[in-house]
Chemist: 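The structure's right below; bear with me while I get my questions together.
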Amino acid sequence: MVDANAKPLEQSQDTASLVKRLAGPSVTKAGLAKDQTEINRIIAEVSKGSKFYENEKRKDKELTERIAKILRIKDEVLKEADIRRVEADADRLFVDLEAERDLTQIIVHVDMDAFYANVELLRSPELEGKPFGVGKGVLSTASYEARKYGVRSGMAGFVAKKLCPELILMPIDFQKYSEMSKKVMAIFKQYDPNMIVAGCDEVMHSITKYCNEHNMAPDECVQRMREQVKVETRLTVSAGIAHNKMLAKNKPNGQFHLSSEREAVVAFMRDLPIRKLPGVGRVNERLLESIGSCGDIYEHRAVIWLMDHYFGKTFLFKAHLGIASNVVQPYQREERKSIGAERTFNPIDDQNKILEKLEEVSIELENDMRENGWAGKTVTLKYKLDTYQVFTRAKSFNRWITRKDDMFNTGKELLKPEFPLCLRLIGLRVTKLNDLHASANQGIKRDAMPGFHEHAAEMDEWPPGEGDEYLEGDEENSASRVPKPTSSRNPPIISTRPMDSRIDAEAHMRLQDSEDEDEPALRTQPCPVCAREIDAADNLALNAHIDFCLSKDAIKQATAASSSDVATPSNKKKGKGNKGNALTRTLSDWKKKEEKRPDRTRRGKKK
DNA sequence: GCGGATCAC
DNA sequence: TATGGTGATCCGC
C-alpha cells in the first residue's frame, strides 16, 4: 500500500491545510482508506513543484489570510457583545425554527454503489477483487479495492498510479453507463413519478403517497425498490429514508431509516460533521473549523448569531435541529439560467491557435443551443491560464444571441485586450436565456409537441452530473446535459437555503412521459418571432425559421420586448424571504486586495 | 451588469 | 507526462 518509512513532510500550519487541499474535495465524502494522512502526504509529494501545486498553494494562502481576517472580526465583535442577551435571542430563533419541523413526509435518497465501476464489473468479471479506476486523465470512479489505497474519483491518473502501482485503468464507456442508468431510472420512477434525478446514479423520492396507496411500510417499499434494481440490473443501491432531503441524503451504505422522532433526529445530527451539510465545502469547512459537528452548533450559537453575515445563523441552527426541505419536485426546463461549453487543452500561447480553440467552443455551444432551443443576451468568456488561474469577461447585448459567429466574435473581442496569454482552458457561457421552445409552444403543452421528442431523446441520452463520480470531457454529450436548479418552489417547509434543494430533476423525465402518446393535434405552430404558421412536425425547419427571424435586427428588438415575458415562464419569484447562502459570503476588504486582471508578467509564456 | 469565488454532481 | 465539464448562486462592486 503506502510506504510507511517515507519521511514525513514538514507540517507547518500552512502546509497542513495545503496537503489536505491537494487531496481533493471528495476526501471527506466517501469512506476511504484508514491512513488518510499518509495518503495525503504522498499526493502532495507527487504534485509538488507542478503548476497545479503552485496554484493550490496560492489559493490556500489566500484562503488562510481571508479566514484569519474573519476570525479577527469575530474577536472584535465578541469583545463588545452581551453574550447572555445574544443567546436569549438565539434561543428564540431555535424555538421558531422548531415550529417548522414537518415529520409527515417520507423521503428516500437512493444512489448506485460505485456506479461506473460496478457496471464495468458486469462486463469484465475478471476485474473482481482488483483495484481499478474508470477514466484516463482524471478518474471518474474507483473500485472498492482501489479506494483502499486512497484512489478516488477526480484524482489525476498518475497520482492514482503512485498510490496504487497495480491500478488498472479502464476507459470510460458512456454508452454502457447511460443504458444502465435508463434501466435503473425506469425502476425508480415507479415509486415516485415526481422524483428528482440528480445525475446518472442518484435520485430523491417522496414515497409518502406510494406507501399509503400500497399500504406498505417505508422500509418494505425501499427494500422492494432495491431488490428490483438488483434483480433486473445486478447492481446494488444504497438508500436513506428520513423525513427530509438533507437527512435522507446523509446515510451510510446499505439501507438506513432514520426515525421521524425529534430526539432521534437531533441525536443523528449531533455527530454529523458540518462538511456533510449541503453548501459546506472545503472552504466553509475551514471557516467553521471551530464548530466541527452539527451537535456543536448550539453551544456556539452566540458567535454564530453575531457572525450571521459570514456563518449564516438560520442555516446552521436548522442544521443543528435537523430541519430541511422535504419538497420533491422534478426539475423544470424553464428554470435553466445558462448554457455553456468549455474545453481544456495543452497550454497554448499562440494567439491564432487560441482563437481556433475559441471557435471550436463557439461551434459546440451554438449546436447545443440550437438543438435545445435557447437564445441568450449575455456572453461570458472564461479562460484559465497555464498557471490554473481562472478569469471571466462578459458582454451583454440588447438582442438575442444564437449564432456561433456572435459568440465567437464576442469572445474574441473580450479576449483580445488580455493578450498575451498562455491558456489551458477556454470557455463560453450564455445567460439571460430565452426559451425558444417555450416561445414556440406558448399555450400548448410542450410534451404534446411533435418534433420535440427527438430532443427529448437527446436530453435523455445522458443525465447530468455524476453522483460522486467525475465526468471526463466528452463533446458528444455536451448537448444533453441539463442543469440542476438550486432554488426550491414554495416548500411547505421553508427552505431558506437555496442549496438544500440542490438535488433536483431534469426536464427529460417530463418529456419522456409523453413519449408515444397522443397524435399531434396541431400541424402548425406560430413562430415566436413573426407569428407565421410553421410546420410543427419539422422541428429543424421550425428552428431554422426561428433563427432566420432572430437574425434580423429589427425583429430581434421586437422579440426582446415581447417574448421575454413568454419565454421565461419562471418569472415566478422564488419567495426569497431569507438571504440565502450566507456561508459563502466573503470579507470585503479581502476582496479589495484581489487582482482584478491577470498579472501580465506571469501571462506571456515565452518558450 | 460584471468578475471572483464556492459548491454540487 | 501532463489535475474535467456544466450549471447555479452569492457578494461586492
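To find a chain, count down the sequence lines: A is the first, B the second, and so on, and within it residues start at 1.
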Chemist: When you get a sec, tell me which of dA5(B), dC9(B), dC2(B) is the closest nucleotide to the side chain of Thr378(A)?
Modeler: dC2(B)

Chemist: Between Lys432(A) and dG1(B), does any side-chain N or O lie under 4.0 Å from OP1 or OP2?
Modeler: yes

Chemist: Phosphate oxygens OP1/OP2 of dG4(B): is one of them under 4.0 Å from a side-chain N or O of Lys384(A)?
Modeler: no

Chemist: In whole angstroms, how far is the P atom of dA8(B) from the CG atom of Asp111(A)?
Modeler: 15 Å

Chemist: What pairs with Lys412(A) under side-chain contact (heavy atoms from CB on, under 4.5 Å), at least two apart in sequence or on another chain?
Modeler: Leu355(A), Leu358(A), Phe408(A), Asn409(A), Lys416(A)

Chemist: Rounded off to whole Å, could you give me the NZ-to-P distance for the Lys382(A) and dG5(C) pair?
Modeler: 9 Å

Chemist: Side-chain N or O of Thr392(A) versus OP1/OP2 of dG4(B): is the shortest distance under 4.0 Å?
Modeler: yes

Chemist: Could you verify whether a donor N or O on one side chain and an acceptor N or O on the other, from Gln36(A) and Asn40(A), lie under 3.5 Å apart?
Modeler: yes

Chemist: Compare the minimum distances between each of dT3(C), dA8(C), dC2(B) and the side chain of Ala394(A), then state the nucleotide with the smallest one.
Modeler: dC2(B)

Chemist: So, OP1 or OP2 of dC2(B): does either fall under 4.0 Å of a side-chain N or O from Arg393(A)?
Modeler: no

Chemist: Starting at atom NZ of Lys48(A), determine the distance to atom C1' of dT3(C), rounded to an integer number of angstrom.
Modeler: 18 Å

Chemist: Whole angstrom is fine here: how far is it from NZ in Lys245(A) over to P in dC9(B)?
Modeler: 11 Å

Chemist: Under a 3.5 Å threshold, yes or no: a donor from one side chain and an acceptor from the other, between Ser238(A) and Asp113(A)?
Modeler: yes

Chemist: How do Val46(A) and Ile339(A) order along DNA chain C: which one's closest nucleotide is nearer the 5' end?
Modeler: Val46(A)

Chemist: Would you kindly give the CG-to-P distance between Leu169(A) and dA2(C), to the nearest whole Å?
Modeler: 10 Å

Chemist: So which heavy atom on Val430(A) is nearest to which on Gly376(A), and how close?
Modeler: CG1-CA, 3.4 Å

Chemist: So does Ser338(A) get a side-chain nitrogen or oxygen closer than 4.0 Å to the phosphate oxygens (OP1/OP2) of dG7(C)?
Modeler: no

Chemist: Given dC7(B), is OP1 or OP2 found less than 4.0 Å from the side-chain N or O atoms of Asn284(A)?
Modeler: yes

Chemist: Considering only heavy atoms from C-beta outward, does the side chain of Met369(A) approach that of Ile401(A) to under 4.5 Å?
Modeler: no

Chemist: Which of the following nucleotides, dG5(C), dT3(C), dC9(B), is nearest to the side chain of Glu342(A)?
Modeler: dG5(C)

Chemist: Does a side-chain N-to-carboxylate-O contact under 4.0 Å join Lys48(A) and Glu45(A)?
Modeler: no

Chemist: Does the side chain of Arg429(A) get closer than 4.0 angstrom to OP1 or OP2 of dG7(C) through an N or O atom?
Modeler: yes

Chemist: For dT3(C) and Thr344(A) - does any side-chain N or O of the residue sit under 4.0 Å from the phosphate oxygens OP1/OP2?
Modeler: no

Chemist: Counting just side-chain N and O atoms, does Arg424(A) come under 4.0 Å of either OP1 or OP2 of dT3(C)?
Modeler: yes

Chemist: Find the distance Lys69(A):NZ to dC11(C):C1' and express it as a whole number of Å.
Modeler: 16 Å

Chemist: Where the side chain of Phe158(A) is defined as all heavy atoms beyond and including C-beta, which of dA2(C), dG7(C), dG5(C) is the nearest nucleotide?
Modeler: dA2(C)

Chemist: Taking only N and O in the side chain of His309(A), is any of them less than 4.0 Å away from OP1 or OP2 of dC10(C)?
Modeler: no

Chemist: To the side chain of Arg275(A), which of dA8(C), dT3(C), dA8(B) is closest?
Modeler: dA8(B)

Chemist: How close or far is atom P of dA2(C) from atom NZ of Lys161(A), stated in whole angstroms?
Modeler: 11 Å

Chemist: Holding to side chain to side chain donor-acceptor pair (under 3.5 Å), I want the full list of residues that pass it with Arg286(A), two or more places apart in sequence or in another chain.
Modeler: Asp60(A), Thr64(A)

Chemist: Consider the side chain of Arg336(A), meaning its heavy atoms from C-beta on, and name the nucleotide among dA8(C), dT3(C), dG1(B) that approaches it most closely.
Modeler: dA8(C)

Chemist: For dT6(B), does either OP1 or OP2 sit under 4.0 Å from a side-chain N or O belonging to Arg66(A)?
Modeler: yes

Chemist: Lys249(A) has a side chain; which of dT9(C), dT6(B), dC9(B) sits nearest to it?
Modeler: dC9(B)

Chemist: Can you tell which of dT6(B), dT3(C), dG12(C) lies closest to the side chain of Leu63(A)?
Modeler: dT6(B)

Chemist: His109(A) has an atom NE2; how far is it from atom C1' of dA8(B), in whole Å?
Modeler: 11 Å

